[in-house]
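To keep things clear, I will list the structure first and then write my remarks on it.
Just so we're on the same page: letters track the sequence lines, and every chain starts at 1. Predicted model, so just to flag it, every value in this text is computed and none were measured.
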Amino acid sequence: MSTSTTEGFLHADGRPGATEGRDSFFTSRLDDALAWARKYAFFQYPFVTACCGMEYMSVTGPRFDTDRFGMTLPRFTPRQSDLMLVVGTITHRQAPVLRRVWEQMSDPKWVMSFGNCTNTGGPYDNYAVVQGIDTIIPVDIYIPGCPPRPEAVIDGLLKLQERLARERPGRPVENIHGKLTAGEFARGVQGRIVPGTVPIHRDHD
Amino acid sequence: MSDPTNDATEPADALVQPASPVLRDLLSRFAGRVLAVSEHRGDATAIVDRAALLEVGRHLRDDAACAFDMLLDVTAVDYLGRRPRFEVVYHLLSIDRNDRVRIKVPLEEEDLVIPSVVPIWAGADWLERETFDLYGVRFDGHPNLKRIYLYEEFEGHPLRKDYPKEKRQPLIGPGAVRRDPMNDDLTR
């Protein structure tokens with residue numbers, strides 16, 4: 001691949017493309033393409049339990065319209081979704097259900113904790129309420145507020161997208177044979193990719 | 001009046017007849033078993049002996065002058081340190097007559113059993129389960145007396161005044177003493 005083919009190439013966020021090194025050129029482009037596709041195509045699963053649900057309806061409705069930012073149609077099955085919005089108070093009785101639903105989502109997946117009750121238990125410091133859902137499932141972004149303003153939710157969504165843009169889904173790959181290089185990953189079927197290969201993209205588990 | 005929970009400033013003259021015809025009716029009809037009555041700004045309350053609860057309830061529902069056809073709420077109060085410690089409270093509404101009355105039944109902690117009023121008002125089913133769940137009052141004759149809000153594994157009754165405020169009984173997560181019942185199902 002000659003240097004000339006890289007001229008004029010831009011990353012999805014506008015940075016100039018790489019100009020040297022075949023692997024790095026190719027994989028950074030794949031990374032960006034994957035990250036770009038992911039961050040603008042959230043399939044959300046709303047796990048709505050309480051009054052924050054009203055704010056959720058507001059923020060996903062036409063007035064504030066998270067669809068503009070790529071958080072599109074709600075999927076009401078976890079198996080078709082990659083962004084779980086936990087909206088409202090979670091009780092200890094419900095905690096195993098929340099965990100089970102999260103486990104049913106396929107990777108890559110993210111969790112948005114929506115509102116003070118979900119973040120910390122909120123005002124409900126009592127026998128019934130989970131004191132923050134991050135004691136049960138990993139959380140990627142916390143939206144404070146009781147309930148959060150729609151602007152706060154959109155801000156959180158944009159911050160989550162910024163994080164996704166920095167992730168490198170195409171690069172480090174691990175399977176039972178060990179790590180694959182980016183080039184091996186990119187060459188796909190001719191390389192050592194085997195079924196069950198999972199890109200490592202999360203930094204907290 | 002013998003009810004120690006009443007406002008102390010209220011006149012405690014037993015000779016004054018209550019203004020509510022329902023209370024007057026109860027006092028004359030169930031003398032000795034209606035332990036006390038009180039009225040406060042139009043709210044009529046009768047304290048009833050446990051043994052007479054079903055009879056009083058049936059009368060309140062079926063008598064044309066009472067016609068309390070709707071049971072609004074069943075709950076309990078924990079007067080920790082007092083004897084009897086508990087009181088079960090019934091709120092009744094007559095839709096036809098637009099009248100309300102409250103029935104209270106004192107219960108000792110050692111004998112926390114009361115007849116279920118589900119045969120009289122079917123709507124008592126979940127209300128009594130809630131009271132059982134949160135206070136531990138057992139309703140004799142209830143068709144399905146089990147917890148309604150909390151999980152089966154929960155120990156104790158959290159609305160009792162001596163339930164430790166800081167006590168947590170999570171099913172999963174930090175401090176959980178039990179395994180996740182849903183994940184247990186997966187392994188079978």
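Taking both residues in full, the closest heavy atoms of B/Ile148 and A/Arg93 are given as O-NH1, 3.0 Å, listed atom of the first, atom of the second, then distance. Between A/His92 and B/Tyr151, the shortest heavy-atom distance links the atoms CB-OH, 3.3 Å.
The neighbour count for B/Arg147 CZ, taken as heavy atoms of other residues, nucleotides or ligands under 6.0 Å away, is above 12. Within 6.0 Å of CZ in A/Phe69 there are more than 12 heavy atoms belonging to other residues, nucleotides or ligands. More than 12 heavy atoms of other residues, nucleotides or ligands lie within 6.0 Å of CG in B/Asp162, so this atom counts as buried by the packing criterion. The neighbour count for B/Arg138 CZ, taken as heavy atoms of other residues, nucleotides or ligands under 6.0 Å away, does not exceed 12. Within 6.0 Å of NZ in B/Lys167 there are more than 12 heavy atoms belonging to other residues, nucleotides or ligands.
Between the CD1 atom in A/Ile136 and the CG atom in B/Leu171 there is a gap of 9.5 Å [rounded to 0.5 Å].
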* To do: Go through the steps for A/Tyr127 and B/Leu150 under the test side-chain contact (heavy atoms from CB on, under 4.5 Å), then give the verdict.
  => CA-CA 10 Å; A/Tyr127 61 91; B/Leu150 296 163; 3.9 Å; yes

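A donor-acceptor pair is defined here as one N or O able to donate and one able to accept, closer than 3.5 Å; such a pair exists between the side chain of B/Arg168 and the backbone of A/Asn126.
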